[in-house]
Amino acid sequence: MTQTTPPETATGDAETYDAVALQEKWRRVWDEREPFTADDDSPREKRYALTMFPYPSGDLHMGHAEVFALHDVVARYWRFRGYEVMNPIGWDSFGLPAENAAIRNDEHPSTYTYANIETQAASMRHYGLAFDWSRRLHTSDPEYYRWTQWLFTKFRERGLAYRKNSAVNWCPQDQTVLANEQVVDGACERCGAEVTKRELTQWYFRITDYAEELLGELDALEATWPNRVVTAQRNWIGRSEGAHVSFVVEGRDEPLRVYTTRPDTVFGATFMVVAADAPLAAELCTDDQQEALEAYRAEVRRASDIERLATDRPKTGVFLGVHATNPVTGAQVPVWASDYVLADYGTGAIMAVPGQDQRDWEFAARFDLPVIRTVQPPADFEGEAFTGDGAAINSANDEIDLDGMGVAEAKAVVIPWLESKGLGEGTVNYRLRDWLLSRQRYWGVPIPVVHCPSCGEVDVPEDQLPVELPELRGADLKPKGVSPLAAAADWVNVDCPSCGGPAKRDSDTMDTFVDSSWYFLRYCSPHYTGGPFDPAVTNAWMNVDLYIGGVEHAVLHLLYARFFTKVLRDMGLLETGEPFGAQLNQGFVINQGKKMSKSLGNGVNLGAQLDEFGVDAVRLTLVFAGPPEDDIDWSEMSPSGSLRFLQRAWRLAGDVTSAPGTDPAGGDAALRSTTHRTVEEVQRLVEGHKFNVVVARTMELVNATRKAIDTGAGPADPAVREAAETVAQLLSLVAPYVAEEMWERLGHEPCVAQSTWLGVDPALLVQASVTAVVQVQGKVRARLEVSPDISAADLEAAAMADEGVQRAIEGRAVRKVVVRAPKLVNVVV
RNA sequence: GCCCCCGUGCCCCAACCGGCAGAGGGAACCGCCUUAAAAGCGGUCAGUUCUGGGUUCGAGUCCCAGCGGGGGCACCA
């Protein structure tokens with residue numbers, strides 16, 4: 001609300017501040033002073049506050065406003081507590097929206113990108129955020145992506161980046177491949193188009209090499225990471241224990257190896273299934289069945305991922321014409337191909353045990369294949385396959401007898417036996433696949449590899465990095481299924497760095513998640529030219545102490561960043577293997593119970609809210625709304641109420657009449673106690689991320705101070721000054737403009753954000769007396785004012801002496817007295 | 001289908017280790033102030049803490065079952 005300060009003589013009207021004037025005044029001061037620049041060489045203990053850097057799509061919106069407001073509370077709080085705080089900001093500035101805008105507007109993607117960055121940066125300044133602007137970075141700057149390329153080269157040196165041909169996820173809308181993590185329910189995570197499959201040779205990062213560690217270290221993160229993120233990552237990595245078992249196939253030297261989590265059921269394996277789209281299927285298939293297989297494969301290819309994902313779809317498949325030998329029963333079992341077996345999980349083939357696996361049961365029922373139960377179902381069991389625990393049956397041959405054993409025991413017995421016979425071995429499997437990083441689009445990091453007809457894949461030498469993007473714009477960028485870079489002849493044709501012969505650059509660009517997998521390291525030494533980051537400085541700042549951002553990155557960015565950190569540790573560049581100590585996921589800002597969207601027309605414009613209520617009131621509203629993880633329904637919030645509160649707080653500063661620097665000792669003891677207890681509790685609350693309660697406690701302190709001024713100690717009492725100054729400091733966590741103005745009004749030099757936080761005096765925390773509750777049979781019968789350090793015996797005696805208590809007992813025999821000094825006594829009769 | 005989180009007054013939400021259910025805000029209503037309104041100040045209102053059981057001297061809090069809401073995984077052998 002653009003309020004004008006009323007004239008001094010206004011009668012009866014409460015004095016109000018002008019939010020717009022304050023914002024202009026203090027922003028100028030902050031821009032000049034840059035009070036939040038972190039010092040690498042500070043002797044103070046370091047803290048690293050990080051918020052997920054934004055993609056520059058237009059201006060900031062309500063979601064940004066929330067996450068930045070929450071994040072700022074922590075960064076500013078740490079500064080108050082005496083830490084050297086690094087609170088950097090930058091932009092994740094490669095990506096498709098800029099490219100699509102460039103095609104639409106016949107311009108270069110950088111135009112859109114850097115214009116939006118400037119808009120957002122200005123909005124952030126306006127929003128009063130405690131960022132260290134000296135560390136600002138953009139992933140699309142050549143100075144940054146040079147090091148992204150350097151890292152790719154190092155990954156290749158370590159065998160962690162490789163090319164392979166396989167069926168990959170293809171987004172027909174964005175005309176590029178996608179990583180598994182970017183496919184949600186068979187649709188593109190970005191644009192929602194239905195994903196199809198393509199057979200392509202693409203670059204991968206070998207993240208599966210780190211699967212065990214990525215999983216194992218989640219245990220330690222459980223204490224400080226949101227539960228749902230840890231769970232999502234565990235599910236995504238998907239570790240399972242089982243065994244490889246080999247089946248001899250007629251007319252073939254190589255046995256058919258399968259992965260199973262139930263080696264105990266091998267006696268019940270009555271057929272085998274190979275993934276229809278795996279090369280293995282065609283290889284095993286007899287000549288007379290080739291035609292049938294080909295027809296089936298064509299049918300499978302036609303089915304979309306979305307159809308494939310429907311678990312209630314009837315089973316389909318085709319017999320491959322061959323049989324294999326069950327290694328424990330000697331039975332000849334048919335080998336089939338089906339799309340319910342996945343080519344890229346395990347060995348791409350399974351032993352089918354219909355008695356113990358529902359999917360196998362359905363397949364067996366459909367194609368009339370035999371079922372042998374190897375676990376005894378309970379007497380009342382009415383299902384089909386029995387997947388529960390029970391005694392093994394039908395599971396013995398001349399050499400081994402599992403009958404009567406439970407599932408766990410049978411597994412423990414059969415695996416060593418299989419190993420001793422050379423028929424298989426215990427193994428661990430993961431659902432996690434390698435990270436596909438190639439993208440067939442322009443606005444990303446060029447892959448620094450040259451393809452040479454004689455030397456093969458050759459790294460671009462370090463001294464030739466960065467491989468900069470060629471200047472393409474508008475129609476040059478139109479998706480054609482191959483990277484636009486491939487058509488830039490001048491750029492793509494190069495001499496081989498190894499032999500000097502004619503060669504071609506790799507024309508794909510990297511997934512933008514590569515850029516964001518290490519930006520938090522670059523912040524530590526953003527201008528370093530000797531490598532991606534200065535190890536000494538970076539190790540001094542890392543880990544990130546609190547990482548705030550959206551939960552949509554639970555498995556994407558957060559898993560990739562953990563992977564990069566571990567690799568960099570193994571390269572000797574980092575001491576830590578886990579980048580993010582603690583993490584917080586904010587909820588969404590919604591409106592009228594629904595996500596804001598153009599189609600619903602329920603969007604709330606951040607700029608309009610800021611114009612109407614001021615930055616401070618909007619920030620306060622977002623922080624006060626509820627726990628940070630909860631969604632905020634803006635229609636249920638009251639920014640005008642927030643503004644009212646801020647006006648009330650600000651008025652306190654004008655009422656204080658004592659001089660700055662007045663010693664609070666001797667001031668109103670009750671108010672001093674309230675002030676110190678508030679600060680003490682706020683400390684606990686910020687550490688626990690209960691920022692909404694921080695605001696509530698600040699409100700209480702304002703109320704108490706108001707009361708002291710009007711009807712208590714009066715405006716000259718030194719405790720009133722102490723309280724008002726504390727209000728200004730607490731408020732600066734959330735409402736920096738009005739806090740700064742209060743601080744100045746109280747006679748201090750700027751900036752309140754750099755002032756010294758009230759040291760909590762433990763003597764002021766103890767109250768002179770506390771109310772002890774006396775219960776009889778759990779019902780409150782008396783309240784006693786007692787000393788906080790009263791002994792249990794004294795409290796009990798006082799309680800039993802109370803008239804009301806005696807009346808409640810009424811001569812009945814006291815069976816037990818529970819005493820919790822100094823707060824409670826419970827008499828049981 | 002499996003796993004995880006959440007259910008407190010009309011609304012948003014507090015409540016530390018199991019100890020008086022209510023801190024804060026919003027809404028509504030009533031006063032004071034005002035010619036009047038807004039602002040300001042003061043006050044009022046509300047409950048089987050989703051339901052049912054259990055543990056305990058004592059349960060919003062712990063355990064079990066259910067209902068409702070949200071999320072993750074899901075043909076991964």
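Treat the numbers as computed from the prediction; the structure is a model and nothing was measured. Order of the sequence lines sets the chain letters (A, B, ...), proteins ahead of strands, with each chain counted from 1.
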Round to the nearest Å and state the distance from [X] atom [atom1] to [N] atom [atom2].
X: Leu824(A); N: rA59(B); atom1: CG; atom2: P; result: 12 Å
X: Leu652(A); N: rG40(B); atom1: CG; atom2: P; result: 14 Å
X: Arg697(A); N: rC16(B); atom1: CZ; atom2: C1'; result: 11 Å
X: Phe645(A); N: rA27(B); atom1: CZ; atom2: C1'; result: 19 Å
X: Gln356(A); N: rC75(B); atom1: CD; atom2: P; result: 21 Å
X: Asp630(A); N: rG7(B); atom1: CG; atom2: C1'; result: 12 Å
X: Arg706(A); N: rG24(B); atom1: CZ; atom2: P; result: 17 Å
X: Met637(A); N: rC13(B); atom1: CE; atom2: C1'; result: 9 Å

Quick one: label [X] by what it contacts on the DNA or RNA (base, sugar-phosphate, nothing), any heavy atom closer than 4.0 Å.
X: Glu629(A); answer: nothing
X: Pro627(A); answer: sugar-phosphate
X: Thr231(A); answer: nothing
X: Arg234(A); answer: nothing
X: Arg433(A); answer: base

Determine the Euclidean distance between corresponding [atom1] atoms of [M] and [N]; express it in Å to zero decimal places.
N: rU51(B); M: rG7(B); atom1: C1'; result: 11 Å
N: rC67(B); M: rG26(B); atom1: P; result: 39 Å
N: rC10(B); M: rC29(B); atom1: C1'; result: 13 Å
N: rG60(B); M: rG47(B); atom1: P; result: 16 Å
N: rU56(B); M: rG70(B); atom1: C1'; result: 32 Å
N: rA14(B); M: rG9(B); atom1: C1'; result: 13 Å
N: rC45(B); M: rC50(B); atom1: P; result: 23 Å
N: rA59(B); M: rU48(B); atom1: C1'; result: 14 Å

Given [options], identify the nucleotide with an atom nearest to the side chain of [X].
X: Arg648(A); options: rC16(B), rC41(B), rG40(B); answer: rC41(B)
X: Met699(A); options: rG25(B), rA23(B), rA77(B); answer: rG25(B)
X: Lys816(A); options: rC57(B), rC13(B), rC75(B); answer: rC57(B)
X: Asn235(A); options: rG26(B), rC12(B), rC73(B); answer: rC73(B)
X: Arg644(A); options: rG19(B), rG26(B), rC75(B); answer: rG26(B)
X: Asn692(A); options: rG25(B), rA14(B), rA77(B); answer: rA14(B)
X: Val693(A); options: rG26(B), rA23(B), rA77(B); answer: rA23(B)
X: Ala232(A); options: rA77(B), rG72(B), rC75(B); answer: rG72(B)
X: Thr260(A); options: rC11(B), rA77(B), rC75(B); answer: rA77(B)

Does any nucleotide pair with [N] by Watson-Crick or G-U wobble geometry, both distances under 3.5 Å, and what is it?
N: rC33(B); value: none
N: rC75(B); value: none
N: rA27(B); value: none

Going by atom types alone, do [X] and [Y] pair a side-chain donor with an acceptor below 3.5 Å?
X: Trp225(A); Y: Gln233(A); value: no
X: Thr374(A); Y: Ser395(A); value: no
X: Glu241(A); Y: Thr261(A); value: no
X: Thr208(A); Y: Tyr430(A); value: no

### Query
Any N or O donor-acceptor pair linking the side chain of Asn826(A) to the base of rC57(B) at under 3.5 Å?
yes
### Task
Assess whether one donor atom and one acceptor atom, taken from the side chain of Arg262(A) and the base of rA77(B), lie less than 3.5 Å apart.
no
### Query
When the ring planes of His557(A) and His553(A) are compared, do they come out parallel, tilted or perpendicular, using 30° and 60° as the limits?
perpendicular
### Task
Evaluate the ring planes of Phe363(A) and Tyr340(A), with Trp represented by its six-membered ring, and classify them as parallel (under 30°), tilted (30 to 60°) or perpendicular (over 60°).
tilted
Would one find a side-chain N or O of [X] under 4.0 angstrom from OP1 or OP2 of [N]?
X: Lys690(A); N: rA15(B); answer: yes
X: Lys823(A); N: rG19(B); answer: no
X: Tyr345(A); N: rA77(B); answer: yes
X: Ser240(A); N: rA77(B); answer: yes

### Query
Does the separation of the ring centres of Phe271(A) and Trp336(A) fall below 6.0 angstrom?
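When the ring centroids of Phe271(A) and Trp336(A) are compared, they turn out to be at least 6.0 Å apart.
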### Task
Without swapping roles, check the side chain of Arg781(A) against the backbone of Ala808(A) for a donor-acceptor pair under 3.5 Å.
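No, the answer is negative, given that no donor and acceptor are paired below the 3.5 Å cut-off.
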#### Entry: Residue mapping more 5' on RNA chain B - nearest nucleotide basis, Ala625(A) or Arg820(A)
Ala625(A)
### Message
If you assign each of Asn703(A) and Arg431(A) to its closest nucleotide in RNA chain B, which residue comes earlier from the 5' end?
### Response
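Final value for this comparison: Asn703(A).
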### Message
I want to verify the glycosidic state of rC17(B); is it syn or anti under the 90° rule?
### Response
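Glycosidic conformation of rC17(B): syn.
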### Query
Are Glu66(A) and Phe588(A) side-chain neighbours, meaning at least one heavy-atom pair lies under 4.5 Å?
no
